[in-house]
Amino acid sequence: MEDPGLDALFALAETVRERAHAPYSRFLVGAAIEAETGERFVGCNVENIAYPQGQCAEAGAIAAMVAGGARRIRRIVILGGPAESGLIRCAPCGGCRQRIAEFADKSTEIWFGPARLALTRHSMEGLLPAAFESLE
Ligand code: THU
């Protein structure tokens, strides 16, 4: 289906994925967000020789969005795969599902897949059912 906005996010995620710093896993991930403002923000995974200090692509894109002044994710595209062999279907990890949920609502679209035409659309509730909300 034609969707220029999704095409743009896919292209941004693909480009930023190439910039990932992933010398330890050799697994490159890119994420591109369309915020409620219409602005787009990107992030890639940034690993560290002290492994737990590495950061996921989604975390980088969310940090860029927040620093840019936006607060809601309308759409996010996540692309990942081994440096040597290109994209596979890369679903967000559990921690990133929680990170996305912080800035998502019922209409937030989460897309991932191994190619533009193989992207599948997911909801926050589908990816993180019965999420923690608050103690109230
Ligand atoms: N990674 C992400 O960037 N996002 C995810 O949702 C899953 C995993 C990164 C972390 C690490 O740098 C590499 O992929 C391999 O796990």
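Note that ligands are numbered from 1 as they come in the structure, with each ligand's atoms numbered from 1 the same way. Numbers for residues simply follow the sequence, beginning at 1.
Closest protein heavy atom to atom 9 (C) of ligand 1: Asn45 ND2, 3.6 Å. At the shortest separation from atom 4 (N) of ligand 1 among protein heavy atoms lies Glu58 OE1, 2.8 Å. Of the protein's heavy atoms, Ala57 N, 2.9 Å lies nearest to atom 3 (O) of ligand 1. Atom 7 (C) of ligand 1 has its closest protein heavy atom at Cys93 CB, 3.9 Å. Given atom 11 (C) of ligand 1, the protein heavy atom at minimum distance is Glu47 OE2, 3.3 Å.
The shortest N or O to N or O distance between Val29 and ligand 1 is not under 3.5 Å.
Atoms of ligand 1 lying under 4.0 Å from any heavy atom of Ser25, numbered from 1 in the order shown and given with element: 13 (C), 15 (C). Interface atoms of ligand 1 facing Pro92, defined by a heavy-atom separation under 4.0 Å, are 6 (O).
Within the 4.0 Å heavy-atom criterion, both parts of Cys56, backbone and side chain, lie near ligand 1.
Using a 4.0 Å cut-off between charged nitrogen and carboxylate oxygen, Glu36 and Arg72 do not count as a salt-bridge pair. Taking a cutoff of 4.0 Å between a charged side-chain nitrogen and a carboxylate oxygen, Arg75 and Asp3 qualify as a salt bridge.
Atom CZ in Arg89 sits 11.5 Å away from atom CD1 in Ile78 (nearest 0.5 Å).
Taking the six-membered ring for Trp and thresholds of 30 and 60 degrees, Tyr51 and Tyr24 have ring planes inclined between 30 and 60 degrees apart.
Looking at Arg74, its side chain never comes within 3.5 Å of a backbone N or O of Glu34 through a donor-acceptor pair. Side chain of Asn45 to main chain of Phe27: a donor-acceptor pair is present (N/O by atom type, distance under 3.5 Å, no hydrogens or angles).
Applying the 4.5 Å side-chain rule to ILVMFWY residues, one finds that Leu117 remains a lone member of its cluster.
For atom 1 (N) of ligand 1, a protein heavy-atom neighbour is found at a distance under 4.0 Å.
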